[in-house]
Structure formats: C-alpha cells, structure tokens
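Just follow the structure's listing: the first ligand is 1, and inside any ligand the first atom is 1.
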Amino acid sequence: MSTLLDLTPDAARAELTGWLARRGDPPYRLSQLLPRLWARPVRRWADASDLPVGLREALEAEWPLPALALETRQVSRDGTEKMLWRLPDGEAIESVLIPEGSRRTLCISSQAGCPLRCTFCATGTLGLKRNLEAWEIAAQVRELLLAPQPAKPTNVVFMGMGEPLLNWPAVSTALTLLNHPEFLGIGARHITVSTVGILPSLAQLAKRPEQFRLAISLHAPTSAARLALMPIEKRYRLPDVLEALGAFRRRVTFEYVLIAGVNDREEDLVELAKIAKAAGAMVNLLPLHPGGAPGLVPAAPRRLGSFAAGLRRRGVEAVARRSRGLDIAAACGQLRAMRGDVGGEVAAETHGDVDQAARVGGLTHGADA
Ligand code: SAH
C-alpha cells in the first residue's frame, strides 16, 4: 500500500505539491494538508473541516489514511497501559504506555514478532511474522493523538516487539516521522532505539545527525556467556558491537536483565563494569520477567540492588529498574498477543494475569480487578 504516512516531510511535500498543482488547487493548501498527517492528525480526510468538501473527497479517494485498529487495551494497577493493535493485513503488535511522574513513555514495536529468539524473551518464541512499515511504527503514536482522550507521549522507546535494526529502512523513516518538528515533534533525546547490535544498521544509525538515544541489550559481559542467551551473538559478536559504539558521539545505555546464577555473579559484575567503563555507558538493570525459557530464574530483588551498587562502586552509573505492568504482561520481553492467531498461545494461560475485559468500547480498568 502506498500511503502519504510512509513519506518523510520532504517527500510528502513534494508528492502533495504535484498533486495539488495537477488538480489546479492553490499551493497554500499544502500548509493545511501537511499538519493533518501527523502534527494534528485526522482519522479520515472528511474530518479535516478546514478544507473544502471537494478537496476532502478527492484526498479520500487518492490518499486514504491507513490506521491501526485498537483491538484491546489493558490498564495495569500501576497505570501502565498495553495496547494490542491490529494491522491492515491482520497481523498484530503491541505498544505499552508507561506513565511516570510528568513523563509518558511509549514503548513501540518495530516488527510483528521477532526473529532473534533470545532465550529469556517472550516475543522471541513467536518468530518473525513481518517487518512493520514506517507508518505502522509511527502510527502507534499517531493513534494516541486520535484517541477519545488524546495524549501525546513525551518519550518513545523501541523496546516493544521486534528488533528495530533488522528493519532499518522503515525504522529510519519512522525516526524522522516521530522527531520532525512538522510531524510528531518528539525530541531526538526523547527517542531511544534499543537493539542487540545489528552492525550494518548500527553504523547507519550512528550517521544520523539527530541525537537519538541508543540502548544496547547486553545481558552478558562476555561473548561466550552472551551466546548462551542470545543466538545473534553468532552473527554480531559482542567485541564488535562494543567497538561500533565508538561511532556514537553520545552516551549509550546497556540493558542487562539479571538472571539468577547465569549473569548475576560477582565475576559478571566485574567484567560488566570493565566494559561499561570502557564504553562510557550507563547500565540499566532489569528484573527478569516471565515468558521466556522456563529454566531461567529472576535474580533476587536484593541482588538487583547490590549489583547496581557494585557497579557504582566501580565508577559505572547504574540503575535498578522496577517492573511495570507485570499484572497485564506488559513488561519488557513479555509482549505477546493474547490471540491464538498471533502468538499461538494465550498469555492468560501462561501468566494467569491477563484480564481481557478491558476492551475497546466497554473499556474498564479491567486488569485492576
Ligand atoms: N530487540 C530489541 C528491542 C526489544 S526488547 C532489543 O533487544 O533491544 C526490549 C528490551 O527488553 C531488551 O533490552 C530486551 O532484552 C528486554 N527483555 C526481553 N525479554 C525480557 C525479559 N523476559 N525480562 C526483562 N527484559 C527483557
């Protein structure tokens, strides 16, 4: 499908300028049309009431606006919201909105499913269904602006389903759609790309002039230990990923899920501190959430604190994160849709904590019950 929503501002401007000229419409219409794509979006052109009816009809015929259909929305006790979106071809993805003080962070998906098969991650068990188009990635924000109570996220993180750097062309365009002041206008420093470190795309991301933030999913401090958790280590090895970080003139974050007896030992701490210092990285320590390999056990909460303290003692900035949205399986790595046609598995059966009552239309804070 060709849609205006897949175009960067320059390309959309060029396309619409030509189209308006061919129709004999005045060029100033462009400045009325463009904001309707992203900045002040409309669900359909008929809703752009500042435009003449004839023009709206022509736009609808020539450039219909695609949308994500909100299939379920669940609200966690802690205020975290999980949205399941149906894509036009029937695939499904999830996004998670995490309110925290004045911040509203939206965690978005870049692929339906994921090909990486990290042992600890629920999404990995799905395999890859397909890459998302640029508009499908950015529309996870657009749809929030079109909601009954519109609310723009302050921050966006690519930590939903999928590996963003295995879908680079679409993710690269989506970054522009999210960031450009004439489009969604979310500051580059408020957009984080999280990746295992796909080297060719990492080099492309480093070349972007905007200061997008980068998070590397590390999870083990040595190549051998990482290989046991993340099959991608065979293809893009940790030492090479660390070296590639040299091309980023900004602070990166290491994501590190603490797994009892696997990567939370004292020697892991020492080695992690060493590479984090060398890379000038800060470390986010995450509790392991359920959903991945059954044999993996979360490190004790106390270990999260002592591990973070140990890193700090060694001169590394480290934060132990809390889980959010656990009761609705909305936490990192837990994203998998509840429908058989998506995951082949029903999350409610896996975790016993999903309440599907919070449906669109009859929305309640069902998961709070
Ligand atoms: N593919 C990208 C982005 C999606 S995963 C990446 O790997 O970075 C987003 C984050 O959630 C990653 O840091 C990932 O390693 C982490 N994650 C995956 N499974 C998890 C689990 N079971 N518990 C906690 N974090 C997990």
Basic-acidic side-chain contact under 4.0 Å: Arg226, Glu233: yes
Proximal atoms of ligand 1 relative to Pro287 (non-hydrogen, under 4.0 Å): 23 (N), 24 (C)
Ligand 1 to Met159 polar contact by distance, N or O atoms, under 3.5 Å: no
Stacked cation flag Arg142 on Trp38, 6.0 angstrom / 45 deg: yes
Top protein contact for atom 7 (O) of ligand 1, by heavy-atom distance: Ser217 OG, 3.2 Å
Check ion pair Glu317-Lys277 (N to O, under 4.0 angstrom): no
Atom 23 (N) of ligand 1 - nearest protein heavy atom and its distance: His289 N, 2.9 Å
Salt-bridge contact Glu210-Arg250 (side-chain N to carboxylate O under 4.0 Å): no
Under 4.0 Å to a heavy atom of Phe158 - the qualifying atoms of ligand 1, by number: 3 (C)
Cys121: numbered ligand 1 atoms lying under 4.0 Å from its heavy atoms: 18 (C), 19 (N)
For Glu255, the ligand 1 atoms whose distance to one of its heavy atoms is below 4.0 Å: 13 (O)
Nearest protein heavy atom with distance in Å, relative to atom 26 (C) of ligand 1: Cys332 O, 3.6 Å
Salt-bridge present (Arg73, Glu81; N to O < 4.0 Å): yes
Non-hydrogen atom of Gly162 closer than 4.0 Å to ligand 1: yes
Where ligand 1 meets His219 - atom numbers and elements under 4.0 angstrom, heavy-atom basis: 13 (O), 14 (C), 15 (O)
Ring centres under 6.0 angstrom apart (Phe120, His219): yes
Charged N-O contact under 4.0 Å between Lys82 and Glu94: yes
Ligand-side contact atoms (ligand 1) for residue partner Gly160, heavy atom cut-off under 4.0 Å: 4 (C)
Per-atom contacts, ligand 1 versus Val196 - under 4.0 Å to a heavy atom: 7 (O)
Check: Trp135 main-chain N/O paired with Glu133 side-chain donor or acceptor under 3.5 Å: no
